[in-house]
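Presented below is the structure to which this report refers.
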There are 2 protein chains.
Amino acid sequence: MDKKIIQELIDRYVAVSFQVQKKAEYLIKGQIGDDLTNDQHYILRYIHQSNDCTSTELADAFEVNKSAITAIINRMADRGLIQRTRDVNDRRVVYLTLTKEGNTLYENCQEKVQLLVESIITQFDETEITTFINTYEKLAQLLINKKQEEREE
Amino acid sequence: MDKKIIQELIDRYVAVSFQVQKKAEYLIKGQIGDDLTNDQHYILRYIHQSNDCTSTELADAFEVNKSAITAIINRMADRGLIQRTRDVNDRRVVYLTLTKEGNTLYENCQEKVQLLVESIITQFDETEITTFINTYEKLAQLLINKKQEEREE
DNA sequence: AGTGAATAGTTAAAGAGTTTAACTAATTTA
DNA sequence: TAAATTAGTTAAACTCTTTAACTATTCACT
């Protein structure tokens, strides 16, 4: 690929990924209201999806220090959204789960996000969007590998 | 499209966009070091790209309040990266530009980001990536329209 | 079995980013 | 020209993040 073309693609990619991220967060925030910050919403989703979620796992996924996770979890636990449970076999490990209230809030958010996304996703045909997500996932994998490489140096 | 398929696409999309964002920020941070936070890096890029950039424009682009922009710009101006200039015709308006130091830092970052992105972008063929970015840009446009609609309600 | 290293998580302090509300100063409009 | 609007700032309160030091537990090894 020509260097100039690459440069152009980078500029387009940077601009568009930025826009999509910010606008999507704006629209979702508009849907779910002030109950959750963006970060708390991501955490809520992540814990709901994951089995036996731990602080370390979250810190890796979010690329922040474990103490940043502790702080967020504290706030959400104070509000009764998240529960901590010690592993019986390895008592260093603390599992994070959603409380009943946390789950209800998740369901609420998910419903609203779904309505929003549906109204947009239906403007693509299925092939276009699966092709898009396939490439996106390939990109994600390459980035994960790249991180792995850097770690090993 | 079937409801179930949509649901699956949403889950894949949410997961992958999240991963790409976090890993990309991690890798870029690894390249440019501790000179800039992620947000400051975005601001630096944005001001470099834009002509006659103002706080209001940044606040719109980043979907935050103007006072959040003031705070970041203050920090970067204190470090001598950004300059404020009043508009001669409309003296309410303040234009933001990069100083010489700001520009040097930008060039530096851009070079490093480019090396990183090149090493990844070359693993796609050109058709795949332009198709990807086209769809991405279509998505961005839909989100922008959606925001516009909501504003008008 | 016992010592040293590694692992999971927390705490505290300092700084960065955000929101809200109140404010100044300049411009528009009616 | 008075009233409303616009661009930007300030201050207080809060969230998020990093660094470094810490506790508690488990692993590895002789």
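So you know, we letter chains A, B, ... as the sequences are listed, proteins then strands, and number each from 1. Both backbone and side-chain heavy atoms feed into the values below; hydrogens, waters and symmetry mates do not. Here the structure is a predicted model, which is why all the values come from computation and not from measurement.
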Given the structure, check if the side chain of B:Arg92 and the base of D:dT6 hold any donor-acceptor pair shorter than 3.5 Å.
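Under the 3.5 Å cut-off, the side chain and the base do form a donor-acceptor pair.
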
Minimum heavy-atom separation for [X] and [Y], please, with both atom names.
{"X": "B:Gln40", "Y": "B:Asp35", "value": "OE1-O, 4.4 Å"}
{"X": "A:Ile47", "Y": "A:Leu96", "value": "CG2-O, 3.6 Å"}
{"X": "A:Glu128", "Y": "B:Thr135", "value": "OE2-OG1, 3.2 Å"}
{"X": "A:Lys23", "Y": "B:Lys147", "value": "NZ-NZ, 3.8 Å"}
{"X": "B:His41", "Y": "B:Val113", "value": "CE1-CG2, 4.1 Å"}

Short of 4.0 Å, heavy atom to strand atom, which residues of residues 22-57 of chain A count as contacting DNA chain D?
A:Thr37, A:Asp39, A:Gln40

Using a strict heavy-atom distance below 4.0 Å, which residues from residues 67-90 of chain A are in contact with DNA chain D?
A:Ser67, A:Ala68, A:Ala71, A:Ile72, A:Arg75, A:Asn89, A:Asp90

Kindly give the cluster partners of A:Val93, where membership spreads through any ILVMFWY side chain lying under 4.5 Å from a current member.
A:Tyr95

Heavy atom of residues 59-66 of chain B under 4.0 Å from DNA chain C: which residues?
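B:Val64, B:Asn65, in order of number.
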
When you compare the side chain of [Y] with that of [X], does any pair of heavy atoms fall below 4.5 Å?
{"X": "A:Asn134", "Y": "B:Arg12", "answer": "yes"}
{"X": "A:Glu107", "Y": "A:Asn103", "answer": "yes"}
{"X": "A:Glu57", "Y": "A:Tyr46", "answer": "yes"}

Nearest-angstrom distance from the residue atom CZ of A:Arg91 to C1' of D:dC27
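Nearest whole value for this atom pair: 17 Å.
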
Under the salt bridge (Lys or Arg N to Asp or Glu O under 4.0 Å) rule, collect the residues that match up with B:Glu126, sequence neighbours excluded.
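For B:Glu126, no residue satisfies salt bridge (Lys or Arg N to Asp or Glu O under 4.0 Å) once neighbours in sequence are set aside.
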
Would B:Ile5 and B:Val14 show up in the same hydrophobic cluster when neighbours are defined by side-chain heavy atoms closer than 4.5 Å?
yes

Derivation of the side-chain contact (heavy atoms from CB on, under 4.5 Å) call for A:Leu139 and A:Tyr13:
CA-CA 12 Å; A:Leu139 173 60; A:Tyr13 175 79; 3.9 Å; yes

Is the ring pair B:Tyr42/A:Phe18 parallel, tilted or perpendicular, if the boundaries are 30 and 60 degrees?
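Tilted, since the angle between the ring planes falls between 30° and 60°.
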
So what is the end-to-end bend of the helix from C:dA1-D:dT30 to C:dA30-D:dT1, with 5 pairs used at each end and the value given to 10 degrees?
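Nearest ten degrees gives 30° for this helix.
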
